[in-house]
Amino acid sequence: MVLLLWGIPQASLHAEEIRYRVDIEAPDSLDSLLRKHLDIVKALDNPRLNRNEWLRLLGEAEQDAQSILATEGYFSPQIDIETDQQDTLSHASFKVEPGPQTTVAEVEIEFTGAIHLEDEHSRVNKLKENWALQVGAPFSQDNWDKAKRTLLSDLIAYRYPEAHILHSEARIQRERNQVKLRIEIDSGPVYRFGSTRIEGVQRYDAAIIERLNPIKPGDIYDQNSLLRLQTLILESGYYQSVEVSADTENGPLDAAPVIVKVSERKASTLSTGAGLSTNTGARVQLNYEDLDVFGLDWRFVGSFKVEQLAQSLNGQLQRPQTENGFRDSLSSTVGRTAIEGQTTTVFNNSLKRAWGPRRFEQFVGTGILFEQVDLDGAESSNKQVATVSYGITLRRVDNELSPNRGYLLNAQVAAAPLDSLSDGKFVQTYVKGQAYWPLAERTQLITRLEIGAVNGGNAPATYLFRAGGDQSVRGYAFQSLGNREGDAIAGARYLLTGSAELVQWLTREWGGAVFVDFGNAADTIKTLKPVYAYGLGVRWKSPAGPIGADIAYGQDTGEFRLHFNLGVSF
């Protein structure tokens, strides 16, 4: 690629302005690097550039270019510089042949410190296996620095907060275009956690944090434990900011204090919002939250939401986590939806107890539902059911906001076991899984599978299944796949949906996707025939999680539909 760069200083040595120009001919992978860092190129923007300075920069240009190329592992470049001086133009032309890129020939990693006093052979081996610059990899200064930082941060995050690099060197063998890497790291001592000190508590009882704290005095220091505690405190909803650390500088090795600094949220807040969903249309929403109901630190969350296809009034009373780790809540919902010719009005009350970490969360619940369903061109119905339920959620991903590797799994079962409390007995089972597969550094495969079944008697529409729309089968309208009754699409007893999506990240935040979705809902397994959709999308890794915009083609309808989605719904 040839780059043309011009400079026209405001000051002039002659009556006419002297112009300076630099041409660079280099491989695409290096031209922008040279253009950005070569001193003679950067000087073109200097209005005081003069003839003497130009000649000085020309004299240093070859060495400057060699130093820049060396940062990318090119230690034997061929650089030809031609100059041309006319009355009002000083011109320099660079032709760069970088030669072969240096590769890693040998890696030597040594550990000293307490890591050798502990039984840490497997940890040492894993750190070496995860070393980023393995033998045969292209060498660059940036990759070398990143590999050292990653190795050190992994050691610090594990259990050695004072780990540091004692020595590192990269020995270049120019004649072989190879490099030998050596790094020596001192792990420092092993620390253990001491007691926990909480700072910033004024409005809410410190016991809220104490009951959330999984760290016990005497536990071996682990930075992930500190991050986990910080996450649990934030998720409780009582605090707007949380900082958790261990005082390893002043505390003893066997009892480093855990320090929790919090900034509390207001006891009550009222907020409004507006938005747009490709499933249910435009919406406005009013939210109210009270974090100190009855003066017991109980939390109440209420919302009133009006969408084009759905309206709801929700209220939930949450009790702070108990010493045994239980999270109890009481919820009440009044809602109405009008989708695909089915209008459903519900009044639902439920009691739920959840427990366990986010990696393996469980719940049990009970509820009573009153439902009225009106179908266009078919008979209306009214039903009442009392249910019990159980569910688990497994989260095994490297990053919950924006996963790159791992899987998520949710499984639930709900049953109406008593005729005396329900208009018919039934059992609903539902499973949803999503997996993330990194195929290359910037290429990712995302797969999803969703299965549902209802067995038994006269189940209400709330517990039946329809498919279509975001997070289901894109390319088809929201809940447009199911049983046709009269002029409406009603819920069905069996559900099957899935997708395979290939994402290519073009930058750290932006990427493109190609996907295929399939699925349907039907009253029998024999009639559960999947329909298919294909599409393209754009992805953005926002601070709130991945945001996507998709255009999908429904094979059965022959129509294109636009879809938006935010975050990972697990």
Check whether more than 12 heavy atoms from other residues, nucleotides or ligands sit under 6.0 Å from atom CD of E199, and answer yes or no. yes
Crowding at CZ, R358 (>12 non-hydrogen neighbours, <6.0 Å): yes
Would you mind listing every ring-ring contact (aromatic ring centres under 6.0 Å, His included) that reaches into [range], with sequence neighbours excluded?
{"range": "residues 257-314", "answer": "none"}
{"range": "residues 499-543", "answer": "W510-W540"}
{"range": "residues 361-403", "answer": "none"}

Donor-acceptor contact below 3.5 Å, side chain [X] vs main chain [Y]:
{"X": "N565", "Y": "D470", "answer": "no"}
{"X": "E485", "Y": "A378", "answer": "no"}
{"X": "R466", "Y": "I489", "answer": "yes"}

Does a donor on one side chain and an acceptor on the other come within less than 3.5 Å for [X] and [Y]?
{"X": "Q316", "Y": "N314", "answer": "no"}
{"X": "T443", "Y": "Q504", "answer": "yes"}
{"X": "Q412", "Y": "N410", "answer": "yes"}

My understanding is that only residues two or more places apart in sequence, or in another chain, count here; which of them pass side-chain contact (heavy atoms from CB on, under 4.5 Å) with [X]?
{"X": "S153", "answer": "none"}
{"X": "L562", "answer": "F564"}
{"X": "L528", "answer": "Y494, L496, N520, A522"}

Atom pair [atom1]/[atom2] of [X] and [Y] - distance to nearest 0.5 Å:
{"X": "D297", "Y": "R299", "atom1": "CG", "atom2": "CZ", "result": "12.0 Å"}
{"X": "W131", "Y": "D154", "atom1": "CH2", "atom2": "CG", "result": "11.0 Å"}
{"X": "Y436", "Y": "N399", "atom1": "OH", "atom2": "CG", "result": "10.5 Å"}
{"X": "L212", "Y": "T231", "atom1": "CG", "atom2": "OG1", "result": "11.5 Å"}
{"X": "K425", "Y": "T387", "atom1": "NZ", "atom2": "OG1", "result": "15.0 Å"}

Sequence neighbours left out, what pairs pass side-chain hydrogen bond (donor to acceptor under 3.5 Å, both in side chains) with at least one residue falling in residues 266-275?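 Applying side-chain hydrogen bond (donor to acceptor under 3.5 Å, both in side chains) to every pair that reaches into residues 266-275, excluding sequence neighbours, yields nothing.
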side-chain hydrogen bond (donor to acceptor under 3.5 Å, both in side chains) pairs, two or more places apart, involving residues 200-218: T196-N213
Got [X] and [Y] here, is their nearest side-chain heavy-atom distance under 4.5 Å?
{"X": "P320", "Y": "Y238", "value": "yes"}
{"X": "Q444", "Y": "R539", "value": "no"}
{"X": "Q223", "Y": "Y160", "value": "no"}

Tell me the closest heavy-atom pair linking A552 and G475, and the distance in Å.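 Closest heavy-atom pair between A552 and G475: CB-N, 3.4 Å.
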Are the charged groups of [X] and [Y] less than 4.0 angstrom apart, N to O?
{"X": "K383", "Y": "D423", "result": "no"}
{"X": "R159", "Y": "D222", "result": "no"}
{"X": "R327", "Y": "E361", "result": "yes"}

Mind checking what makes ring pair (Phe, Tyr, Trp, His ring centres under 6.0 Å) contact with Y463, not counting sequence neighbours? F426
Is it true that F193 and Y221 have ring centroids separated by less than 6.0 Å?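 Between F193 and Y221, the centre distance is under 6.0 Å.
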Output a table of donor-acceptor pairs, distance under 3.5 Å, between side-chain atoms of residues 337-352 and any protein atom two or more places apart or on a different chain; print 'none' if there are none.
{"residue": "Q342", "atom": "NE2", "partner": "T344", "partner atom": "OG1", "Å": "3.1"}
{"residue": "N349", "atom": "OD1", "partner": "S332", "partner atom": "OG", "Å": "2.9"}

Listed pairs under 3.5 Å, donor-acceptor, residues 446-455 side chains, sequence neighbours left out:
{"residue": "T447", "atom": "OG1", "partner": "W437", "partner atom": "NE1", "Å": "3.2"}
{"residue": "R448", "atom": "NH1", "partner": "T497", "partner atom": "OG1", "Å": "3.1"}
{"residue": "R448", "atom": "NH2", "partner": "S472", "partner atom": "O", "Å": "2.5"}
{"residue": "E450", "atom": "OE1", "partner": "T497", "partner atom": "OG1", "Å": "2.6"}
{"residue": "E450", "atom": "OE2", "partner": "Y430", "partner atom": "OH", "Å": "2.6"}

Using the test side-chain hydrogen bond (donor to acceptor under 3.5 Å, both in side chains), find all partners of R192 that sit at least two apart in sequence or belong to another chain. none
